[in-house]
There are 2 protein chains.
Amino acid sequence: MGDPTPFAAQPRPTQQDVARRAGVSRALVSLVMRGGDHVATATRDRVLKAADELGYRPNALARSLARRQSRAIGVLINDVSNPYFGGMYACLAREAERSGLDLLVAPGLRTPRSEAGLLDTLLEHQVAGLLLLSPTIRESSLAAYCSTSPTVVIGREVSVSGVDVVTIDEALGARLVVNHLAALGHERIAHITGGSDNRPALDRAAAYRQAMRDLGLTPDQVPGVFAPEGGRDGVRTLLQRGELPTAIFAANDLIAVGAIGALRSAGLRVPEDLSVVGYDDSQLASLDLVDLTSVHQPLERFGQLAVELLIERMAGRRQGSRTERIAPTLVVRSTSGPAPDRS
Amino acid sequence: MGDPTPFAAQPRPTQQDVARRAGVSRALVSLVMRGGDHVATATRDRVLKAADELGYRPNALARSLARRQSRAIGVLINDVSNPYFGGMYACLAREAERSGLDLLVAPGLRTPRSEAGLLDTLLEHQVAGLLLLSPTIRESSLAAYCSTSPTVVIGREVSVSGVDVVTIDEALGARLVVNHLAALGHERIAHITGGSDNRPALDRAAAYRQAMRDLGLTPDQVPGVFAPEGGRDGVRTLLQRGELPTAIFAANDLIAVGAIGALRSAGLRVPEDLSVVGYDDSQLASLDLVDLTSVHQPLERFGQLAVELLIERMAGRRQGSRTERIAPTLVVRSTSGPAPDRS
DNA sequence: GTACGGCATTAGCGCGCGCTAATACTCCGC
DNA sequence: GCGGAGTATTAGCGCGCGCTAATGCCGTAC
């Protein structure tokens, strides 16, 4: 953790250098760079030419310092190695680019400890706002950080004043799945969860239980984690229990795929013997080889809304908190079918 | 593209504020923050306490400006939505964290146009170094950027003086695949490429052809793209051609999975009728459901080496260029088997 | 009592840039 | 030839911080 090698700085040309070369004052160069008017065209061209010849590049640090504002927004990604966040991030990036914002990413590595440290880093870089993807940090700590900077939380329900939330409508998602399966005649629908240590998984499980009860069905929950192993182990648990459900609702696609693999190994056919439904509608689900029925989350919409809300808040156009729940849709593919007739 | 709303800056406490509260001069606060010695313990504690009470957070911008160096390094990701880069990035992040470096990510969106713009952004943020993941930018432009800043290119062979390269040993990778298949009795081994517009795909294809020729086999190349559709279309092409190969070497896992899907749809069994081998050994390949034979790239090693080289160069400890080719390994799973006997 | 050495603290410049208030330089009309 | 309106340009402060040279303070030795 000690100080790393003091890296020699490359001397880059400054406005002063450009000014000297163009034979004008530095402030004029600044004016030209900012695109200010009231500058003679000839002079402007001379300045731009000099800048180009010198390979001048404005110093974003100094600019932010002087303007006391930055066009960079910090993005905290809970788990970079999770493809889901990759897709999410891509959408954010697209939106940010359109709004002329720079993104500064703090790469989470599933170590909750470091999340606070990463936020510190981002804030030290004077980001104008924060975008948190499924943060696992405690609400109380969150509140402390968010008082400093406009914040939008994505994928997790929090109720911290001054923080906006964009998330999926979990209740609807679960209902879509359960109703779809029920309509196919399924009554014993098990849910393999994404763990008990993160909100999204807990929310999803709660939504599942509610949806089941609404249909007069008995919830049947098996603990898991957001990974193929979770699905595999979940199925093993179910198999050991003896009495199998006729359908499995997995907390995400990875779990679903893991579950299908385990079912096939056990000699069970999907969907003839058992239906499986995933969640996220990731790239994985749409592969011909997998062709998984899944809940689709409109990520583009996520990105749009999140950036929009953040900009609004950064502009100080709003005070309270807003929570946007985006409606997911169900994509029916080949892993869900009629309930087998084993009554 | 116009100027976005001028975001009101949050007034954050400065060293000056801390100094006032602690009843000392600002410079002393600076000294304490830097961890300098020759400060009375009592005074130091008073300063730290004041900083804590005020919620003071050092301004990384001002620090970088004053020290004329930054501990941030810029990472250019060619295509954020590609899971491969997500994994790669995770490894880089881990390494960077250990070295006390901040990562600033420019999210590429497959639009080659923007790559230069992204590099500009990074450089304007005064990054101390650049890490480029499979950049598609021209070598000449690359040279211009890299003269400004220490640079390490990952996943693409470039010969620009002053730029280090960390990449996979494509020749070895292709040989592993071809030899493996040949040892299983395959002679007609087709290669579905990753396109003709990017180096890695071209390199991989060239390595394939060489490996085939070395064994006295005839290369058989089908154009594709780095996506499941590439595999699907590649297989269709092969099917239309009439004479099928007995094995397919896909340029990456996504292609392989797409190919397998298409083969199954055509009523062909893998690996009984046709073997399929992928490349990358992504999470996808190791799924029970897929269980794809693939070429494993030790990403951790990539990350380590890249960061290591970059640090060396940033410290000015080296001048020339170095190219490190990392040896991949073959992970044999269930999609490759003995060649069918249809002579 | 004076000189001296070491420790603790401070004054102040500079990093690259934004921006305001002030100045110099036109071009008119009378 | 002179005032004035407008345009083009400049001097200079401040952003938050790192860092060096300078200063103040204290105890000790002679």
Side-chain angles (χ1 to χ4, degrees), chain A residues 3 6-47 50-51 54-71 123-128 148, chain B residues 3 6-47 50-51 54-71 123-128 148:
Chain A
D3 263 10
F7 307 119
Q10 293 267 3
R12 305 202 224 256
T14 72
Q15 285 190 347
Q16 186 63 62
D17 299 326
V18 177
R20 251 192 300 270
R21 185 175 187 99
V24 297
S25 77
R26 185 189 62 76
L28 180 57
V29 176
S30 167
L31 197 62
V32 171
M33 290 303 161
R34 279 175 288 150
D37 39 8
H38 302 296
V39 177
T41 313
T43 315
R44 176 189 301 276
D45 290 346
R46 218 168 64 236
V47 171
L54 257 55
Y56 168 78
R57 209 182 295 280
N59 184 330
L61 266 50
R63 182 196 303 142
S64 299
L65 187 61
R67 303 186 65 167
R68 263 159 299 176
Q69 61 180 243
S70 146
R71 47 163 76 288
L123 290 175
E124 285 179 16
H125 279 276
Q126 309 300 108
V127 292
T148 324
Chain B
D3 261 11
F7 308 118
Q10 293 265 4
R12 303 201 224 258
T14 72
Q15 285 190 346
Q16 186 63 60
D17 299 325
V18 176
R20 250 193 300 272
R21 183 173 188 100
V24 295
S25 75
R26 185 190 62 75
L28 180 58
V29 176
S30 167
L31 196 63
V32 171
M33 290 305 162
R34 278 176 288 150
D37 38 10
H38 301 295
V39 178
T41 313
T43 314
R44 175 188 303 275
D45 290 346
R46 217 167 65 235
V47 170
L54 258 54
Y56 168 77
R57 211 181 294 280
N59 184 330
L61 265 51
R63 182 197 303 143
S64 297
L65 187 59
R67 302 185 67 167
R68 263 161 299 175
Q69 62 181 242
S70 147
R71 47 162 76 286
L123 290 175
E124 286 179 15
H125 279 276
Q126 309 300 108
V127 292
T148 325

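The sequence lines fix the lettering, A, B, ..., with proteins before strands; numbering per chain opens at 1.
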**Student:** Sequence neighbours excluded and cut-off under 3.5 Å, please list the side-chain donor-acceptor pairs for residues 18-31 of chain A, or say none.
**Tutor:**
from	atom 1	to	atom 2	distance (Å)
Arg20(A)	NH2	Asp17(A)	OD1	3.0
Arg21(A)	NE	Glu53(A)	OE1	2.6
Arg21(A)	NH2	Glu53(A)	OE1	3.0
Ser25(A)	OG	Leu28(A)	N	3.4
Arg26(A)	NH1	Gln15(A)	OE1	3.3
Ser30(A)	OG	Arg34(A)	NE	3.1
Ser30(A)	OG	Arg34(A)	NH2	3.2

**Student:** Just how far, in rounded Å, is C1' of dT7(D) from CZ of Arg44(A)?
**Tutor:**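 Rounding to the nearest Å, CZ of Arg44(A) and C1' of dT7(D) are 14 Å apart.
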**Student:** Could you check whether any side-chain heavy atom of Thr43(A) comes within less than 4.5 Å of a side-chain heavy atom of Arg46(A), counting everything from C-beta outward?
**Tutor:** yes
**Student:** Report the distance from atom CZ of Arg68(A) to atom CZ of Arg12(B), rounding to the nearest 0.5 Å.
**Tutor:** 13.5 Å
**Student:** Please classify the nucleic acid contact of Thr43(A) as base, sugar-phosphate, or nothing, using heavy-atom distances under 4.0 Å.
**Tutor:** sugar-phosphate
**Student:** Do you know the tightest heavy-atom contact between Ala51(A) and Met33(A)?
**Tutor:** CB-CE, 3.6 Å
**Student:** Taking side chain to side chain contact (heavy atoms under 4.5 Å, CB included) as the definition, give me every residue that meets it alongside Leu61(B), ordered by chain and number, with sequence neighbours left out.
**Tutor:**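 Side chain to side chain contact (heavy atoms under 4.5 Å, CB included) check on Leu61(B) returns Leu61(A), Ser64(A), His125(A), Gln126(A), Asn59(B).
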**Student:** I'd like to compare against my own output: the B/S/- annotation of nucleotides 13-26 of chain D with a strict under-4.0 Å heavy-atom distance to protein.
**Tutor:** -BBBBBB-------
**Student:** What is the bend of the helix from dG1(C)-dC30(D) to dC30(C)-dG1(D) when you compare the axis at one end with the axis at the other, using five pairs each and rounding to 10°?
**Tutor:** 70°
